[in-house]
Amino acid sequence: MTRKDITVAYLARVEGEGGLSIKIRDGAVAEVKLRIFEPPRFFEAFLRGRTFAEAPDITARICGICPVAYQTSAVNAMEHALSVQVPPEITALRRLLFCGEWIESHALHVFFLHAPDFLGYEDAIRMAADHGEVVQRALRMKKLGNEIMRIIGGREVHPVNFRVGGFYKAPARRDLAALAPELEWAYGCAVDAIPWAAGLTFPDFEQPYEFVALRNPDRYAIENGRLVSSRGIDAAVNDYLQWFNEEHVEHSNALHSVVSGRGPYHVGPLARFNLSFDQLPSPLQDAARAAGLVPPCLNPFKSLVVRVVELAYACGEALRLIRDYCPPDPPAVDCRPRGSTGHGWSEAPRGVLYHRYRLDDTGHIQDAKIVPPTAQNLRMMEADLRAFVAPRVDMPVDRLTWECEQAVRNYDPCISCATHFLKLDIQREG
Amino acid sequence: MAKTRKPTLAVWKFASCDGCQLSLLDCEDELLEVAAAVDIVNFVEASRAVAKGPYDISLVEGSITTPHDAERIHRVRRSSKLLVTIGACATAGGIQALRNFGNVKEYTSIVYASPQYIETLSKSTPISDHVFVDFELRGCPINKYQLLEVLGALVHGRRPVTPSYGVCVECKRRGHVCVAVAGGTPCLGPVTNAGCGALCPGFTRGCYGCFGPKPMPNTSALANYWSAGGMKRLDVVRAFRGFNASAEAFRRESELHDT
């Protein structure tokens with residue numbers, strides 16, 4: 001028997017702690033495991049007994065890279081539970097804050113975490129020696145995303161201004177307007193980067209994915225929407241759990257999510273792009289087409305190009321929201337506790353993030369459930385690796401290892417997030 | 001003293017959200033300069049190139065929550081000349097230290113009923129409970145300018161300068177209206193260490209204690225003030241049980257009211 005093992009003890013350029021092992025026996029892939037050893041932090045357990053108002057700040061701490069997604073899903077769920085409707089000015093400001101997170105996260109992933117793989121560098125700092133301008137521009141875009149979060153939220157990691165019902169304080173119009181020139185620059189810069197990204201070399205690899213993403217009737221979904229899939233799912237937020245199941249596997253501190261009775265699915269930029277391409281502004285549709293990117297795009301490595309398209313979209317959308325900005329007054333609507341269950345979701349940079357809370361009459365959390373995007377993608381990531389390695393078993397181990405890492409990074413995995421809901425399993429067993 | 005090489009920097013992660021190490025990448029204007037001043041030789045979130053120790057400076061994010069990590073932190077300490085903890089998880093156990101309270105026994109038995117989780121300790125503890133720490137940087141998340149100050153200081157061989165007073169001082173300096181006195185909003189500012197720039201009062205909300213207790217905080221006076229104003233006992237407990245719940249002063253005060 002010929003044996004070949006690919007082992008990555010500690011996956012780099014991902015958020016959180018995970019490893020990878022692939023066993024090849026007699027030229028065939030015998031086993032693929034994404035090992036998630038990020039220690040569990042038991043968020044759903046200690047959310048019990050906290051008040052509804054605390055959920056956005058507490059759940060933000062699940063992830064330092066997408067705190068706004070956590071805060072948004074949490075407030076969506078709480079407002080659903082409390083039957084609160086926020087006025088459009090508040091929704092628009094949340095969307096703007098969220099655009100900041102998309103810009104920051106996508107600029108980070110595309111240029112710092114993923115592009116080095118395509119260009120053959122260990123990291124962006126080494127890449128900067130040869131591609132200084134690309135890295136400098138990326139830093140400037142990333143900084144702009146952070147700046148949006150800082151002005152609206154107070155700081156880039158774990159913003160403090162988000163609350164159930166709205167905001168503590170609406171930012172001044174002039175503070176936001178000051179961002180417009182830089183956003184115009186960033187929009188142009190991101191649009192220019194689309195052909196650059198499309199010009200990278202992509203492995204020949206396509207998979208028949210079921211794509212799952214939010215879809216909003218009016219615009220490219222970010223802060224809310226209905227859940228749709230490329231195989232017919234069309235669900236309101238309270239139906240989420242009817243469509244999906246979580247399975248426990250031994251080698252992972254995170255549960256694997258599957259479409260009930262069907263199998264793994266794909267969330268994130270590629271899913272959003274394929275399901276809502278028609279909602280991108282026509283100049284961006286044209287730019288994507290000109291770069292050879294048309295839906296359905298089934299090559300997960302091209303998610304890098306899609307992220308650049310979304311980066312441009314988020315810059316343009318932020319610009320529109322700032323031009324139309326009308327400070328919500330009052331900045332938050334009144335929320336009265338009542339016993340009920342609320343569901344909420346949003347499109348984190350890496351995919352759908354679902355929250356559900358059961359509240360008692362005094363607004364204290366009885367039960368919480370959080371399904372992060374990376375947990376939904378884990379099974380798909382393993383399936384990708386299996387399919388990717390099969391025709392490449394004869395590649396040198398070093399090269400194949402690096403390409404497998406790259407295949408995992410297609411999903412911009414956030415392993416810290418993925419781990420935090422394993423506690424659900426514990427509670428069922430208790 | 002002639003420098004023959006740049007100091008080496010390693011970044012380590014334990015139980016955490018990654019936000020504090022992300023703060024290093026969030027230094028967009030300074031990142032390339034930092035990379036020029038120190039050799040970032042082990043930073044898994046940013047690079048697949050990892051060099052063996054020893055390291056001149058180690059930044060440690062996260063708390064200790066597993067037996068494996070309780071061992072690993074000793075290896076990190078042994079390979080580091082200077083060890084700096086970054087953030088509330090590493091300096092106080094973080095939000096996950098909420099497991100240290102109340103129903104620990106019940107909770108642990110639930111956890112240990114499942115063999116997959118046998119690797120989980122019943123408590124989340126700060127790095128300083130396990131090894132000697134040269135410098136602690138507070139915050140949930142840390143302030144990235146304080147991180148730059150620490151790196152700059154260590155590169156130049158001087159002691160980092162970070163505030164050792166309360167949020168109230170920062171708040172007054174910024175000219176915010178006091179949310180506690182003028183607005184009747186519960187605020188942890190009087191007992192919380194400065195570092196964030198009094199962010200929350202600037203947004204008309206009360207401080208919720210991201211930077212942990214300041215030196216010699218009078219937590220009892222604050223709790224009594226709240227209680228006299230009609231705050232419920234469990235709300236007092238919750239106020240002290242946030243992202244620095246296991247920091248000594250906050251832990252003690254919350255336990256006094258958790259009866």
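Protein chains get the first letters and strands the later ones, always in sequence-line order, with residue 1 at the start of each.
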Chain B interface, residue from A/K142, A/H158, A/R163 that has the most non-hydrogen pairs under 4.5 Å: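 The candidate making the most pairs under 4.5 Å is A/K142.
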
Residue selection (most heavy-atom pairs with chain B, distance under 4.5 Å) from A/L11, A/I58, A/L113, A/V8: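 Winner by heavy-atom pair count: A/I58.
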
Does the ring center of [X] lie less than 6.0 Å from the ring center of [Y]?
{"X": "A/Y121", "Y": "A/H131", "result": "yes"}
{"X": "B/F243", "Y": "B/Y208", "result": "yes"}
{"X": "B/W12", "Y": "B/F43", "result": "no"}

Who wins among [options] for the most heavy-atom pairs under 4.5 Å with chain A?
{"options": "B/C140, B/S124, B/S23, B/C89", "result": "B/C140"}
{"options": "B/R238, B/K13, B/E45", "result": "B/R238"}
{"options": "B/A15, B/S63, B/G197", "result": "B/A15"}
{"options": "B/A88, B/C27, B/C210", "result": "B/C210"}

Pick one of side chain, backbone, both or neither for [X], based on which atoms fall under 4.5 Å of a heavy atom in chain B.
{"X": "A/L108", "answer": "side chain"}
{"X": "A/H109", "answer": "neither"}
{"X": "A/R50", "answer": "both"}
{"X": "A/I65", "answer": "both"}
{"X": "A/I152", "answer": "backbone"}

Exam field: side chain B/R138 to backbone B/G195, donor-acceptor pair closer than 3.5 Å: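 Side chain of B/R138 to backbone of B/G195, a donor-acceptor pair under 3.5 Å: no, none is there.
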
With no hydrogens and no angle check, is any side-chain donor or acceptor of A/E122 less than 3.5 Å from a backbone partner on A/M127?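 Side chain of A/E122 to backbone of A/M127, a donor-acceptor pair under 3.5 Å: no, none is there.
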
Got a sec: does the NZ of B/K144 have more than 12 other heavy atoms crowding it under 6.0 Å?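 Above 12, so yes.
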
When rounded to the nearest 0.5 angstrom, what is the spacing between CD in B/Q21 and CG in B/L147?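 So the gap between those two atoms works out to 11.0 Å.
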
Where on [X] is there a heavy atom nearer than 4.5 Å to chain A: the side chain, the backbone, both, or neither?
{"X": "B/L22", "result": "side chain"}
{"X": "B/C20", "result": "neither"}
{"X": "B/L234", "result": "neither"}
{"X": "B/I142", "result": "neither"}
{"X": "B/N143", "result": "neither"}
{"X": "B/L32", "result": "side chain"}

Would you say the side-chain atoms of B/D39 and B/T8 include a donor-acceptor pair closer than 3.5 Å?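 Note: B/D39 and B/T8 side chains miss the donor-acceptor criterion.
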
State whether A/R13 and A/D117 are salt-bridged, where the test is any N-O pair (Lys NZ or Arg NE/NH1/NH2 against Asp/Glu carboxylate O) under 4.0 Å.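 So A/R13 pairs with A/D117 through a salt bridge.
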
Could you check whether B/E170 pairs with B/R174 (Lys NZ or Arg NE/NH1/NH2 to Asp/Glu carboxylate O, under 4.0 Å)?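 Not counted as a salt bridge, because no side-chain N and carboxylate O are separated by less than 4.0 Å.
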
Where does the angle between the aromatic ring planes of A/F118 and A/H114 fall among parallel (under 30°), tilted (30 to 60°) and perpendicular (over 60°)?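 Judged by the thresholds at 30° and 60°, the geometry between A/F118 and A/H114 is perpendicular.
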
